[in-house]
Amino acid sequence: MIDKRVPSLEAALAGLTSGMTLMMSGFGGAGAPVNLMRALARHDARDLTVIINSLRFLEGQAPSLFDDRRVIAAVCSAFRGRGATPSAYERQWQEGALKIELSPQGTFAERIRAGGAGIPAFFTPTAAGLELGEGKEVRSFDGRPAVLETALKADFAFLRAAEADRMGNIRFHGTQGNFGPAMAMASKVAVVEVGVVSETLLPPDRIHCPGVYVNRVIHAPETGEILG
Amino acid sequence: MVKPLSRDGIAWRAAQDLEDGMVVNLGIGMPVLASGYAPPGREVVYQSENGIIGVGPEASENEADPDLVDAGSRRVTLAPGGVIVDSAAAFAMIRGGHIDVTLLGGFEVAANGDLANWDMQVPLKGQLVGGAMDLAFGAGEVRVIMQHCTKDGAPRLLNACRLPLTAPACVTRVYTDLAVVDVTPKGFVVRELLAGLTEADLRAKTEAPLIFAADCGVLAAPV
């Protein structure tokens with residue numbers, strides 16, 4: 001019988017080691033896997049690469065990851081820290097200790113989708129001829145220049161959803177989905193934290209991400225304060 | 001003393017140009033205010049880059065749901081007929097030409113329609129690009145809502161942008177607190193000028209040359 005439920009956050013992170021690449025979903029707090037982020041802060045893995053839309057959400061939930069310099073690289077569409085003074089990760093970026101690749105959000109989302117869909121790279125007009133397109137191959141299609149963007153993949157993906165069943169089928173509430181389904185596809189181990197673990201299998205028309213992309217389901221009802 | 005339009009006034013004016021049945025993406029900041037001001041009887045579908053197709057009004061305190069937010073992380077409601085997709089699908093919609101108009105905030109717009117609205121080049125602070133580039137490259141039309149000048153009084157309608165571009169030659173119309181200005185092959189054409197302001201006043205606050213339309217109207221807003 002298929003049963004992807006795991007009993008603890010520690011079990012949800014089993015096999016996560018130094019040097020790995022981790023994807024984390026979330027937009028404006030919705031769908032942010034805050035319990036998994038906090039569990040990662042308590043873990044001892046270092047030299048991590050994180051793929052997350054806005055880096056400051058991770059800092060808000062797990063500041064020690066940056067205070068202890070455990071993140072060495074990030075791919076994101078935003079890394080503006082809170083407030084006017086530089087945050088820990090902004091200082092590390094300035095020092096060159098943290099490498100950050102800024103990707104336009106649509107390109108970011110599509111790179112993850114491509115990673116999960118077996119597309120190694122694709123051309124997009126976004127950023128062609130501009131700073132964020134520099135150093136990338138450019139070709140014209142229908143007379144319009146486009147830049148070559150490569151797929152993103154990860155060892156782990158962290159998602160948050162409203163509900164999941166033992167097969168890993170996920171139901172999102174509101175805008176929780178955002179980058180989650182693509183990240184689940186693009187990662188070797190996709191972990192979803194949910195408010196409710198369904199005792200029965202979810203009805204098919206309530207499933208937003210099929211369980212074949214999901215490896216672990218952890219019950220984590222508490223979200224607490226989500227800092228943006 | 002001439003009173004410039006308020007933030008809501010600029011958003012109101014932009015909303016008057018949204019047509020029945022349009023699919024419209026609203027950027028964060030002033031643009032999201034426009035959703036409250038579309039003329040009665042016009043059904044406009046507001047898209048949000050995080051996956052909402054059919055953003056409704058901002059949620060009241062007792063209906064606010066932390067898992068239902070728009071591009072600006074505001075807690076919102078879903079409009080009748082609304083649906084939610086994931087981010088990859090939301091941007092496929094944006095790049096794929098399914099958005100009629102995006103209303104975006106701006107730092108600078110050049111006379112050829114170049115837009116700069118993502119990188120203020122704040123020293124020692126990280127960058128934020130979000131979905132602005134995909135929208136500026138992908139939407140059917142890009143209209144900009146912004147103050148005519150910076151807080152320090154420097155013009156924002158320029159001969160050429162100084163800040164890094166979001167997308168080249170993409171803007172069709174700019175709504176400011178002082179004027180409605182179209183981007184045309186001849187440069188900026190003023191369609192409406194704030195009541196009480198002279199052409200010379202507007203030129204003094206604009207770097208790029210301005211052409212005043214023969215039928216240039218009076219800009220005013222009820223809010």
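The model shown is predicted, which means the values in this text are computed figures rather than measured ones. A note on names: the letters A, B, ... follow the listed sequences, proteins ahead of strands, and every chain is numbered from 1.
- Ring-plane geometry between Phe172(A) and His208(A) is classed as parallel, the angle between the planes falling under 30 degrees on a 0 to 90 degree scale with a further cut at 60.
- With hydrogens and angles disregarded, a donor-acceptor distance shorter than 3.5 Å links the side chain of Arg156(B) to the backbone of Cys149(B).
- A distance-only check finds a donor-acceptor pair linking the side chain of Asp20(B) to the backbone of Glu43(B) [under 3.5 Å].
- Only the side chain of Arg144(A) has a heavy atom closer than 4.5 Å to any heavy atom of chain B.
- The candidate from Ala109(A), Ala78(A), Pro104(A) with the greatest count of non-hydrogen atom pairs under 4.5 Å with chain B is Pro104(A).
- Between the side chain of Glu193(A) and the backbone N or O of Ala220(A), no donor-acceptor pair lies under 3.5 Å.
- Salt bridge annotation for Glu207(B)-Arg162(B): present, with a cationic side-chain nitrogen under 4.0 angstrom from a carboxylate oxygen.
- Between Phe108(A) and Phe91(B), the gap from one ring centroid to the other reaches at least 6.0 Å.
- Heavy-atom distances place both the backbone and the side chain of Ala88(B) under 4.5 Å from chain A.
- Under the side-chain hydrogen bond (donor to acceptor under 3.5 Å, both in side chains) criterion, Glu131(A) pairs with no residue, sequence neighbours left out.
- With respect to the salt-bridge test (charged N to carboxylate O, under 4.0 angstrom), the residues Arg82(A) and Glu59(A) qualify.
- The minimum heavy-atom distance between Arg139(A) and Glu137(A), with the atom names listed, is CD-OE2, 3.9 Å.
- Contacts between residues 102-113 of chain B and chain A, counted as heavy-atom pairs separated by less than 4.5 Å, involve no residue at all.
- Across Ser25(A) and Met37(A), no two heavy atoms sit closer than the pair O-CE, 4.4 Å.
- Between Glu110(A) and Arg95(B), the closest heavy-atom pair is OE1-NH2, 3.5 Å.
- Counting non-hydrogen atoms of other residues, nucleotides and ligands closer than 6.0 Å to NZ of Lys125(B) gives a total above 12.
- Interface with chain A: from residues 64-87 of chain B, residues Asp65(B), Pro66(B), Asp67(B), Leu68(B), Val69(B), Asp70(B), Ala71(B), Ser73(B), Ile84(B), Asp86(B), Ser87(B) qualify, criterion being any non-hydrogen pair under 4.5 Å.
- For a residue to count as touching a neighbouring chain, one of its non-hydrogen atoms must lie under 4.5 Å from one of that chain's; by this rule Ala84(A) touches chain B with the backbone only.
- Around NZ of Lys136(A), the count of heavy atoms belonging to other residues, nucleotides or ligands within 6.0 Å exceeds 12.
- Only the side chain of Pro181(A) has a heavy atom closer than 4.5 Å to any heavy atom of chain B.
- Proximity to chain B among residues 121-129 of chain A is limited to Thr124(A), Pro125(A), Thr126(A), Ala127(A), Ala128(A), judged by heavy-atom separations below 4.5 angstrom.
- Side-chain atoms of Glu163(A) never come within 3.5 Å of backbone atoms of Ile207(A) as a donor-acceptor pair (strictly under, hydrogens ignored).
- For chain B, the nearby part of Thr85(A) is the backbone; its heavy atoms alone come within less than 4.5 Å.
- What you find for Leu130(A) and Thr166(B) is that their closest heavy atoms are CD1-O, 3.2 Å.
- Rounding to the nearest 0.5 Å places CD of Gln147(B) at 4.5 Å from CE of Met30(B).
- Per-residue counts of heavy-atom pairs under 4.5 Å with chain B were compared for Gly31(A), Gly106(A), Gly174(A), Cys209(A); the largest is that of Gly106(A).
- In this structure, Lys153(A) and Gly115(A) approach most closely via the heavy-atom pair CE-O, 3.6 Å.
- Of the listed residues (Pro86(A), Ala162(A), Gly177(A), Ser103(A)), the greatest number of heavy-atom pairs within a distance under 4.5 Å of chain B belongs to Pro86(A).
- Looking at Leu132(A), the atoms closer than 4.5 Å to chain B (heavy atoms on both sides) all sit in the side chain, from C-beta outward.
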